[in-house]
Amino acid sequence: VSVPVKCHFLYDAAKHIIKIDGKAGLYKGLGPRLCAGAIGTVVHSKVLQKCQEKGPPQVLGGQQKAAEISLQHVVNETTKEMVARSCATIITHPFHVITLRCMVQFIGRETKYSGLFDSIVTVYREEGVLGFFAGLIPRLLADILSLWMCNLLAHVINTYAIDDT
């Protein structure tokens, strides 16, 4: 799908939402999303800071090639980033659930999820605490896999495909 087609689709979708729910309909789920972003940023930075304070684990063996040391550095940094992102994802996932439910209810013309606090009560009443963590495992797996794939690919490209000269 080309970019103009995507933009046209989004424009049409936005016009449809405005027609049905008014301009406020474009901002459904914004409150929980902002909460998730703010809390996630704080949690991520605090956890990453704690991981950095511990320092890298000591690698055994005195004679290592530069590529092995570089790969070990990528693994260490990616592990720290994975821990920080996973903590932030777990803490903010309830807000993610509420955000999605606020936005998706437009399709079914429901009005169960109106604000942040009402949505929290609704999810808890209908599904209990586990309702706030629906879909957490696939989300975590996707985040972790994409992080490792991107960082290892970047390392391979930087090490073997880019000439330092």
Test side chain to side chain contact (heavy atoms under 4.5 Å, CB included) on Q49 and H44 and set out the steps. CA-CA 8 Å; Q49 183 180 15; H44 179 272; over 6 Å; no
Check your understanding: Which is it for L153 and W148 under the side chain to side chain contact (heavy atoms under 4.5 Å, CB included) test, yes or no, and what are the steps along the way?
Key -> CA-CA 8 Å; L153 181 61; W148 279 98; over 6 Å; no
**OP:** Assign the ring pair H155 / Y160 to parallel, tilted or perpendicular, where the plane angle (0 to 90°) is split at 30° and 60°.
**Re:** perpendicular
| Looking at side-chain heavy atoms only, is the closest gap between L152 and T78 below 4.5 Å? | no
Q: Kindly indicate whether the side chain of D143, heavy atoms from C-beta on, has any atom under 4.5 Å from the side chain of R85.
A: no
Start with the C-alpha gap between H93 and F132, add the side-chain angles, then the distance that decides, and say whether side chain to side chain contact (heavy atoms under 4.5 Å, CB included) holds. CA-CA 7 Å; H93 193 72; F132 292 108; over 6 Å; no
Pair V104-Y113, side chain to side chain contact (heavy atoms under 4.5 Å, CB included): steps then yes or no
CA-CA 10 Å; V104 170; Y113 307 101; over 6 Å; no
| request: Keeping the roles fixed (side chain from T159, backbone from V156), state whether a donor-acceptor pair exists under 3.5 Å. | output: no
d(L130 CG, Y124 OH) to nearest 0.5 Å is 10.5 Å
- Task: Check whether I120 and V97 end up in the same hydrophobic cluster, where Ile, Leu, Val, Met, Phe, Trp and Tyr are linked by side-chain heavy atoms less than 4.5 Å apart.
- Result: no
For R33, does the CZ atom sit with more than 12 other heavy atoms under 6.0 Å from it, leaving out its own atoms? no
_R101 and E126 ion-paired at < 4.0 Å_ = no
Can you hop from V75 to L48 via hydrophobic side chains spaced under 4.5 Å? no
Q | same_hphob_cluster(L100, L116) at 4.5 Å side-chain heavy-atom cutoff | A | no
Value for OG1 (T122) from CG (D118), rounded to nearest 0.5 Å, stands at 6.0 Å
Review point. So, do S119 and P32 sit near enough that their side-chain heavy atoms are less than 4.5 Å apart?
Key: no
- Query: Should V129 and I90 be regarded as members of a common hydrophobic cluster, given that ILVMFWY residues are connected when their side-chain heavy atoms come within less than 4.5 Å of each other, either directly or indirectly?
  - Reply: yes
Exercise. Under a 4.5 Å side-chain heavy-atom rule over Ile, Leu, Val, Met, Phe, Trp and Tyr, are L147 and I137 clustered together?
Worked result: no
Only residue of Q52, M82, Q72 satisfying side-chain contact (heavy atoms from CB on, under 4.5 Å) with E77 is Q52
Heavy atoms of I144 and S86 approach each other most closely as CD1-OG, 3.8 Å
Nearest heavy-atom contact between V47 and C87 is CG2-CB, 4.0 Å
